[in-house]
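Everything below concerns the one structure shown next.
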Amino acid sequence: METVSVMIPEERVNARINEIAEQITKDFAGKSLKLICILKGSVFFTTELAKRIKLPVKLDFISVSSYGNETVSSGRIKIIKDLDDSICGEDVIVIEDIIDSGRTLSFLLEMLKNRKPASISLCTLLDKPSRRVVEVPVRYSGFEVPDEFVVGYGLDYAQNYRALPYIGVLQFED
């Protein structure tokens, strides 16, 4: 059995997404963007962010896995679904729900850079730098979180808790 306690309330999440969208709009003024949503966890964040960026945006999706149904990364990265369209010459922002060890994002960013985008930036809702094994260049970050297992706003545990409108801490009861 597990319980969830609120870490970051819905209002703070929404306010921070607004701030990130404003910064992206300013940084890429006059350009169009391709947002790459890392499935499945980033869907909620990506759609909310895309609605608030005041520039033309296109969406594409990629699915990678390093967790399965575990609470820690296995370190093995598998591409489950690749992008549908080319990113060559595009200004790309990769959208992640949480950066933990950095292994998955490091692998993914290198793979995407080889596809010759005009630029590539990383945006994450949550950042857990205390767990970092591989450094990744995070350009836009919502919240830094401690080393706890978080759920909600797209983040899950065994496919549960994604639809929570806030960020919560998952605690397991004996």
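The residues of the chain are indexed from 1 along the displayed sequence.
Criterion: ILVMFWY side-chain heavy atoms under 4.5 Å apart, direct or through other members. Under it, Val6 and Leu164 are part of a common hydrophobic cluster. Linking Ile, Leu, Val, Met, Phe, Trp and Tyr whenever their side-chain heavy atoms come within less than 4.5 Å puts Ile79 and Val94 in one cluster. Under the 4.5 Å side-chain heavy-atom criterion for Ile, Leu, Val, Met, Phe, Trp and Tyr, Ile80 and Met111 are members of distinct hydrophobic clusters.
The stretch residues 105-116 participates, sequence neighbours left out, in these salt bridge (Lys or Arg N to Asp or Glu O under 4.0 Å) pairs: Asp82-Arg115, Glu110-Lys113. Sorted by first then second residue, the salt bridge (Lys or Arg N to Asp or Glu O under 4.0 Å) pairs that include residues 17-27, not counting sequence neighbours, are Arg16-Glu19, Asp27-Arg139. Residue pairs satisfying the salt bridge (Lys or Arg N to Asp or Glu O under 4.0 Å) criterion with at least one member in residues 142-151, sequence neighbours excluded, are listed as follows: Arg131-Asp147.
The aromatic rings of Phe28 and Tyr140 lie tilted to each other, with the angle between the two planes from 30° to 60°. Aromatic ring pairs are classed by plane angle as parallel below 30°, tilted from 30° to 60° and perpendicular above 60°; the pair Tyr153 and Phe44 is tilted.
Legend: residues meeting side-chain hydrogen bond (donor to acceptor under 3.5 Å, both in side chains) with Ser63, ordered by chain and number and at least two apart, are absent. Partners of Lys40 under the salt bridge (Lys or Arg N to Asp or Glu O under 4.0 Å) rule, at least two apart in sequence or in another chain, do not exist in this structure. For Lys54, the side chain to side chain contact (heavy atoms under 4.5 Å, CB included) test picks out Thr25, with sequence neighbours left out. With sequence neighbours excluded, the residues forming a side chain to side chain contact (heavy atoms under 4.5 Å, CB included) with Pro165 are Glu10, listed by chain and number. With sequence neighbours excluded, the residues forming a salt bridge (Lys or Arg N to Asp or Glu O under 4.0 Å) with Asp127 are Arg132, listed by chain and number. Judged as a salt bridge (Lys or Arg N to Asp or Glu O under 4.0 Å), and not counting sequence neighbours, the contacts of Asp84 are Lys81. Here Asp60 pairs with nothing under the side-chain hydrogen bond (donor to acceptor under 3.5 Å, both in side chains) rule; sequence neighbours left out. Applying the side chain to side chain contact (heavy atoms under 4.5 Å, CB included) rule to Arg12 yields the partners Ile8, Pro9, Phe143; only residues at least two apart in sequence or on another chain are considered. The side chain to side chain contact (heavy atoms under 4.5 Å, CB included) search around Glu90 returns Lys34, Lys58, Val92, not counting sequence neighbours.
Ala118 and Asp91 make their closest contact through CB-OD1, 3.8 Å (heavy atoms, listed as atom of the first residue, atom of the second, distance). The heavy-atom pair separating Pro137 from Leu109 by the smallest distance is CD-CD1, 3.9 Å. Scanning both residues, Leu55 and Ala29, for their nearest heavy atoms gives CD2-CA, 4.2 Å.
In summary, of the residues considered (Leu122, Leu108, Thr104), a side chain to side chain contact (heavy atoms under 4.5 Å, CB included) with Val136 occurs for Leu122 alone.
With a 4.5 Å cut-off on side-chain heavy atoms, Ile24 and Ser121 do not count as touching. Side-chain atoms of Asn14 and Arg52, non-hydrogen and from C-beta on, do get closer than 4.5 Å to each other. Contact check for Ile167 versus Leu125: side-chain heavy atoms found under the 4.5 Å cut-off. By the 4.5 Å heavy-atom criterion applied to side chains, Val57 and Leu49 are not counted as neighbours.
Atom CD1 of Ile38 and atom CZ of Phe61 lie 12.0 Å apart (nearest 0.5 Å). The OH atom of Tyr161 lies 10.5 Å from the CZ atom of Phe149; values are rounded to the nearest 0.5 Å. Between atom CG of residue Leu33 and atom CG of residue Leu59 there is a gap of 10.5 Å, rounded to the nearest 0.5 Å. Between the CG atom of Asp97 and the SG atom of Cys37 there is a distance of 8.5 Å, given to the nearest 0.5 Å. One finds the OG atom of Ser141 at 7.0 Å from the CD1 atom of Ile99 (value rounded to the nearest 0.5 Å). Put simply, CD1 on Ile98 and CZ on Phe45 are 12.0 Å apart, with the number rounded to the nearest 0.5 Å.
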Derivation of the side-chain contact (heavy atoms from CB on, under 4.5 Å) call for Leu105 and Val138: CA-CA 10 Å; Leu105 267 297; Val138 180; over 6 Å; no
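When atom types are taken as modelled, the side chain of Thr46 and the backbone of Ser42 share a donor-acceptor pair closer than 3.5 angstrom.
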